[in-house]
Structures are given as C-alpha cells and as structure tokens.
Amino acid sequence: MSFTLHGLAVSGGIAIGQAHLISHATLEVSHLVISPRLVDKEVARFDAAVQRVREEFAQLKGRAQFSSAEFGAFIDLHMMILSDPELAEAPKHLIRERRCNAEWALVQQMEVLVHQFEQFDDAYLRERSYDVRQVVERVIKELVGQPGRMALRPGPGKGIREENLIVVAHDLSPADVIAYKEHHFAAFVTDVGGSTSHTAILARSLRIPAVLGLHNARQLIRDNEVLIVDGTRGVLIVNPDPRVLDEYRLRKSQIELERTKLRRLKTARSVTLDGIDIDLHANIELPGDVANALDGGAEGIGLFRTEFLFLDRGDMPTEDEQFEAYGTVVRGMGGRPVTIRTFDLGYDKDLHPGKVLGDRIQSNPALGLRAIRLSLAEPKMFQTQLRAILRASRYGKIKLLIPMLSQAHEIDQTLAAIERAKASLRAERVPFDEQTPVGAMIEIPAAALAIGMFLRRVNFLSIGTNDLIQYTLAIDRSDEQVAPLYDPLHPAVLMLLAHTIASAEKVAIPVSICGELAGDANLTRLLLGMGLRQFSMHPAQILSVKQRIMQSNCAVLAPIVRRLLRHEEPAKIREQLEKLNSLS
Ligand code: PEP
Ligand code: MG
C-alpha cells in the first residue's frame, strides 16, 4: 500500500531507495523461545557478554587519567550496576524458567530495576535509571555482536548496495550520524528531531536528503520497502506507484542538472553587483570535511565544531591527538583562515551520555553546563585543547572561537586561560602564532543585547543563529513538537541580528553568521541588507548563496531592509522579504 508522511525538510534533494530500519539496541529486542537443550548455552552466552562489558569498563577506567576525576567515578558506578545481582544474576533465572533468549531476559530485568529507581524521591537516585539503561544497552550490543556505538544493523542484503538504502530510525544522536560519514546511504529519515538539531546539521554535511520529525515512520515502514525521500519539501512516500516514481526520477535528474550548472560558479569571485566582496566560509565537523569545503568553493573555515571529532569515542582526546586533527585542517586549507571553535559539549553532545558531564544533574541541559561553561569548569580539558589549537597555528592562519559566552567574567576568564596556555607553550619554546585572534559566538540573547562588553574584549564575532533563535524564542531546536514555532524571521530575532551586525560594524570588529540561517539563499539579501559581509555554512550551500550574492546590490538592499526591520507583524515581514527576493 502506498502512503505519504510529512516531516521537517532538513537536507535538500531527492533519494529513491529501499528502507533500512535501525533503532537502539533495547528497542530491537524480540522474545524468542529456546529449546531446553540450549538453555545452558544461552546462560553461558549471557555470562560471556557481561564479562566482556566488565573488561571494557576496566580498560576505560585504565584510560581515565585522560579525563576528569568524574570519569573514573562514572565508570565505577556503571561497574556497580553491572554487578548488581538484579542485572547479573536474575536474567539467568529468567532464561532457565521461561526458556527465553538472553536479550529479552535482560530487558525484562532492566524494566524492573528502572522502575525501582524511578520510585525514589531523591532526584539524584531517580536519574540513575538512565545509567541502568546505558549499562543494559552495552550488554545487549555485546549479545548481538555490535559493541560500541548504536546498533547499526548488518549491511544490506544480497544484491543491495548501500547507496540505494534509506536509513529509517526513531532517533539518531549526533554521534550516530558522525558514524554514517563512513557509509554511503542514499538518505535518512527519523521520527524525532528539529531542523537545526545537530542531527539535522550533520545530515546536511553528509550531503544526502533527510527528513526528520516524521513521528512514527519507524513503526509504519517495513524493511526493504521502496521509499522516496524529498528532503526539500519534507515528504516521505512509501511504496510509490509507478507514475509517482517516474515523476520523482525526473525531478531528481532536474535537481542534478541545476547542481551541475551551479558548479560553474565555484571559481567565480563572491562579489555583489556594487562591488562589495563577501566572504563565504565553510562549517565543518571533521578533518575529512576539508575536501568538501574546498570543493564547495569555501575561502576559509568559518566554524570547525571540534566536539564532533570525539563524539563516538569513550575518552577525552590527548593534546597530541587534537594537535594532529587541527593541524590537518589548517594544512589542508593551504593558508586560508581556519576558525576553530573550542568544545561545545553538553546539551545534545556528550562523548557518550554521561561521560564528560559525569553525574552532574542536568535537569535542563540546554541551559546547563554546556560549551564554554563546561570548559571553564574543566580547566585541564580546556588547557589541553587551547594548547593543541595554538600549536596548530604554526601551520597557517587560525582564529580561536569560543561558544556560548554570556558574561563579561566568562570572557575574562577565557582570555586568561588562553594567556596561560600561551605562557606554557612559550616556556617550553613551542612555536605558535602570538597574534591568534580570539572571537566570541553570539548565540545567547543576553550577549547580543549587551554586545558592547564583547566588542571591547574580543577580536571578532560569529553569530550562532541556531542557538540564538532557540534561546530567544524558548524553542528547543531539537524538539519536533515545537518546530513550527522555530522562526528565524521572528521580529525579535531580526532585531538581535541587526543590532549585533550594526554595533560590530561601528567599531570595525568583523562579524559573521555561522548558524544554519547563513546557508539559506532566501535570506541572503536580507542579511546583506543588514550589513553582513561574512557568511559560514555547510559547503554544499555555498554556491547557491554565492549565486544570490552576485545578483544583489547592497546599496539598493540596505534601505529596503531598514524598512523591513521596522515591521513587527510577521505577515508584513514575509511580504517584504518576498519583495526583496524578487528584485531583479
Ligand atoms: C549555532 O548555534 O548557530 C551554531 C553555529 O553552533 P551549533 O549549531 O554547533 O550549536
Ligand atoms: Mg550553538
């Protein structure tokens, strides 16, 4: 039967392929009945899996010196949970009594234990139910033979190539999507997630179509069913009839043709009709993305989200590992500027849930110990990163970018930490660029409103509209239920952008936008009219934005945008934007 689902269009293009269902291990567990003669073997299989996870924990603990003291405590807690007879012994009784498979027995026991934890009055103890689930996930993955990250099912069946597979998942974490960089799927769709969630951002960086927030696609779709993903309109068609399939094949080839045409602009100068040069930089997550950035025509890296380097590993990277990664990017960009942002860990990005933040209670992680707040709370981790970044400056032009600053004392503390890192390198006679510029991300409304204290302290600004919109409108950027309220054109958002850009311009401090808004060609003229001269976006978006820049005249746009900004009525703002975009 053919049917259509609608979700959030997060990464454009059209893919046609077969469904490849994925989910987290505990969701996948089915109930099997074991023959009596295999019961002992099943118990032994369970014991072996628990033992392997125990050994893995011991190994991780051995490496805990690379991380905070809390990391060791976190491993101890998980070891304790794993040794609890409710998890280590009770499932074996269930296997024997009910002749069931080990996975199912373990999940039954997990539910019992989680329920017990959830009954506690104490918030700390209640939160430990999360750790129980994590420990069980690990054992299940061992049982199904896929330790480590999420249960990515075995590759495609016979005769099906990965390029023809469309990943269908309930949810994907940023770490899962990072793992997909090693694969070549045609597209992916999920039940949950917002359009500027990190999962969505990574989907765009994979350059494959993606639709998120489809609610119950994972339940409705069967493995190997034929799917059409329209990532531009946010549509998923399941089992399309031949007529629809033909129509989408045609549209797919049209999109490819348009992309080929755009590619001719790769070496064209990014300049407006009235001769103003506009910097177009790329956002990257991994050193391997440098090739895409150059291929997309980027003149520099405007945002290197360093935290993604390490999301799918269990420990913190050493200074040398980081130096190697940053150096690779800087050398790869061959003298072009590279803006390296210090870790933005926390919120939806943690090495593995709980591993960096440990057991600090996070009742509201978007407002909690995230980004620079976490770096300042973990001075050893921060110094390691700062030293590695500064050391890499010997290979080219590095700019140091700090996420989520909101207070003057945070900026001062950060600048002092940078000075300490520099002093230690000097003492060791390690070469680095003494003039490395330091910039602040403006992504908290308080920072945009009190911009003067930033302008007096840093060398450049980069506006993170993804978070700025989230915090201005109190809309969780990764929650599809409130996604329709996530409005980049809200008058309050526009006021903050215009105020930041104009204030920076007055004192000649360079300002760029590196949030997703910068890559939306429909907003290019609006931003040019506000005075923005530097944009940073995913490499795949650069050429369409460049095309719009080359068709725009800043002198004409500026007065129209000033008028647009006087409106507070959303309908009026949209009407004015359409006019702006239809100017020839
Ligand atoms: C932003 O918030 O706009 C931004 C660029 O950073 P991130 O998406 O990594 O939070
Ligand atoms: Mg941000």
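In each ligand, atom 1 is the first atom listed, and ligand 1 is the first ligand listed. All values below come from the heavy atoms of this structure, side chains included, with hydrogens, waters and symmetry mates left out. Here the structure is a predicted model, which is why all the values come from computation and not from measurement.
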Visitor: Taking atom types as modelled, find out whether Asn283 and His538 have a side-chain donor-acceptor pair closer than 3.5 angstrom.
Guide: no
Visitor: Charged N to carboxylate O under 4.0 angstrom, Arg394 versus Asp433?
Guide: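 No salt bridge links Arg394 with Asp433.
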Visitor: Show me, by chain and number, every protein residue that has a heavy-atom distance under 4.0 Å to ligand 1.
Guide: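 Correct list: His198, Ile201, Leu303, Arg305, Arg341, Asp344, Lys349, Arg370, Met441, Glu443, Gly464, Thr465, Asn466, Asp467, Arg477, Cys514, Gly515.
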Visitor: Is the shortest side-chain N to carboxylate O distance from Asp289 to Arg207 below 4.0 Å?
Guide: no
Visitor: Which residues satisfy the side-chain contact (heavy atoms from CB on, under 4.5 Å) test with His6, sequence neighbours excluded?
Guide: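 Testing His6 for side-chain contact (heavy atoms from CB on, under 4.5 Å), a comparison that skips the adjacent residues, returns Thr4, Val235.
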Visitor: Checking Thr328 now: which residues fulfil side-chain contact (heavy atoms from CB on, under 4.5 Å) with it, not counting sequence neighbours?
Guide: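 Thr328 satisfies side-chain contact (heavy atoms from CB on, under 4.5 Å) with Pro287, Glu324, Arg331 once adjacent residues are dropped.
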Visitor: Looking at Thr524, Leu262, Ile542, which hits side-chain contact (heavy atoms from CB on, under 4.5 Å) with Gln547?
Guide: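 Running side-chain contact (heavy atoms from CB on, under 4.5 Å) over Thr524, Leu262, Ile542 with Gln547 returns exactly one hit, Leu262.
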Visitor: Find out whether Ile513 and Leu532 are in side-chain contact, i.e. whether some heavy atom of one side chain is under 4.5 Å from a heavy atom of the other.
Guide: yes
Visitor: With a 3.5 Å cut-off and no angle check, do the side chains of Ser552 and Arg525 form a donor-acceptor pair?
Guide: yes
Visitor: Sort by chain and number the protein N/O/S atoms that are closer than 2.8 Å to the Mg ion (ligand 2), and list them.
Guide: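 Short answer, with waters excluded from the count: Glu443 OE1, Asp467 OD2.
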Visitor: Any salt bridge linking Arg548 with Asp520? Criterion: basic side-chain nitrogen under 4.0 Å from a carboxylate oxygen.
Guide: no
